[in-house]
Chemist: 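First the structure, which I've put down as structure tokens, then a few questions once you've had a look.
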Protein chains: 2
Amino acid sequence: MGRWVPGARGRLQRAAFELFAERGFEQTTVAEIAARAELTERTFFRHFTDKREVLFAGQDELTTRIVAALAAAPAELSALDAAVVAVEASAEVLGPRPDGPRARQTVIDAHPELRERELIKMEGLVAAIAEGLGRRGVPAAAASLAASSAVAVFRMGFERWIGDDGGRGVEEHIREALVELREVAGAS
Amino acid sequence: MGRWVPGARGRLQRAAFELFAERGFEQTTVAEIAARAELTERTFFRHFTDKREVLFAGQDELTTRIVAALAAAPAELSALDAAVVAVEASAEVLGPRPDGPRARQTVIDAHPELRERELIKMEGLVAAIAEGLGRRGVPAAAASLAASSAVAVFRMGFERWIGDDGGRGVEEHIREALVELREVAGAS
DNA sequence: TCGCCCGATGTCAGCGACTGACATGAGCGT
DNA sequence: ACGCTCATGTCAGTCGCTGACATCGGGCGA
């Protein structure tokens, strides 16, 4: 399957990541990324629809994993519990150390255009979870709200995780956030 | 204050809206919008940072209104209740009839780039509400989660409102969504 | 009343993201 | 050995967006 030098996509990702870290997202040109990867600008756009998309290549894997975990979750769990358990499975994709994710997030947070892309990916995740809950028999509205809540909880947990040097896992942070959500949404 | 023909900004908005409806967002060029408004492309970009931004001009007013309503909400309300009451104030900006908002939403939903912009506006709203809750003495984490939940509820209410011919107000739909959220997030 | 200044608009040139069309060349099967 | 396929290269062009400078009409002080 590989002609020429294989791994073009990976080289582009690595080159992009390096350059974004070195001189920032806007100051990096797609042509420069391609050059460092010893490829052409045109080839970059054959692998990534967007200049931004190169930073979100792993997102699909995250979603896939979470949806799989949701399908595997015990049937007795409530919609929200199942969704949060699923979201905890992100730990397998994110790994034990927050260093990589933190560096990536630093780049993203510095650029509104990248935050936009991140948000739409998150909404894709919400939709996927809601769909998965639907397959568990949860009504659409409840599924949607549970998915939104689970992702909000995930985001808070993730944020604390990358800001945490204590070496605790994402899952712990996520579970903590869930407790807080329940307090907030508890009886009026 | 007005030299030349006044109301440039408004003319640009109207022209953009018309053209987007006529031939779609991508098929419309900024130069064309400016031409229909009898202005220059350059002038368009002096009024709107973005080609997309022209569709979101009203968003700031919405956020302002909601934040004001939050500040005015009774102090006894829980964080979530206060946030949802605030979000119900969107009715004043949205108006009684969903026709306009529906048309606008149709354009947005058809274009991923516009959905991205919408999402980041929504996150701006979440942040503003969380900040407002902070001023009410709500701890940061709870404020953030309550704001996320309130906006999720708002979105669901809004969605049902524009899909509803029964003439019920946004507020009703929002309140219904809140009830569902409480059921979902209730005891595990 | 005259003339100066300001602020909104116009003009121009240019960069960089992205796309379509076509060319090329290395491996693979036959 | 031949030709097909498919990743990549090449080229030209469109459009979003920006900086620098010009213009011009109205308000305002002298």
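Each chain gets a letter, A, B and so on, in the order the sequences are listed, and its residues count up from 1.
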Chemist: Scan the side chains in residues 139-151 of chain B for donor-acceptor partners under 3.5 Å anywhere in the protein, sequence neighbours excluded, and list what turns up.
Modeler:
from	atom 1	to	atom 2	distance (Å)
S148(B)	OG	S144(B)	O	3.1
S149(B)	OG	L145(B)	O	2.9

Chemist: For nucleotides 20-23 of chain C, give me every protein contact, N/O to N/O, under 3.5 Å, one pair per line with atom names.
Modeler:
from	atom 1	to	atom 2	distance (Å)
dG20(C)	N7	R42(A)	NH2	2.8
dG20(C)	O6	R42(A)	NE	2.7

Chemist: Quick one: F48(B) CZ to dA8(C) C1', roughly how many Å, whole number?
Modeler: 15 Å
Chemist: Heavy atoms, side chains only, cut-off 4.5 Å: are T106(B) and I162(B) in contact?
Modeler: no
Chemist: Between N or O atoms, less than 3.5 Å apart, protein on one side and nucleotides 14-18 of chain C on the other: list the pairs.
Modeler:
from	atom 1	to	atom 2	distance (Å)
dA17(C)	OP1	T28(A)	O	3.4
dA17(C)	OP1	K51(A)	NZ	3.2
dA17(C)	OP2	V30(A)	N	3.4
dC18(C)	OP1	D50(A)	OD1	3.3
dC18(C)	OP2	K51(A)	N	2.7

Chemist: With a 4.0 Å cutoff (strictly under), does any side-chain N or O of H47(A) reach OP1 or OP2 of dT8(D)?
Modeler: yes
Chemist: With sequence neighbours excluded, tell me which residues meet salt bridge (charged side-chain N to carboxylate O under 4.0 Å, His left out) with E88(B).
Modeler: R175(B)
Chemist: Are any of T40(B)'s side-chain N or O atoms less than 4.0 Å away from OP1 or OP2 of dT9(C)?
Modeler: no
Chemist: Report the residues that fulfil side chain to side chain donor-acceptor pair (under 3.5 Å) with E180(A), sequence neighbours left out, ordered by chain and then residue number.
Modeler: R160(A)
Chemist: Can you name the residues that form a side chain to side chain donor-acceptor pair (under 3.5 Å) with R46(B), not counting sequence neighbours?
Modeler: none
Chemist: Quick one: side chain to side chain donor-acceptor pair (under 3.5 Å) partners of E22(B), sequence neighbours excluded?
Modeler: R36(B)
Chemist: Scan for side chain to side chain donor-acceptor pair (under 3.5 Å) pairs involving residues 123-138 of chain A, sequence neighbours excluded, and state none if there are none.
Modeler: E123(A)-R115(B), E123(A)-R155(B), E131(A)-R135(A)
Chemist: In chain order, what residues pass the salt bridge (charged side-chain N to carboxylate O under 4.0 Å, His left out) check against E38(A), with sequence neighbours excluded?
Modeler: none
Chemist: How many whole angstroms separate atom CD of E53(A) from atom P of dT19(C)?
Modeler: 12 Å
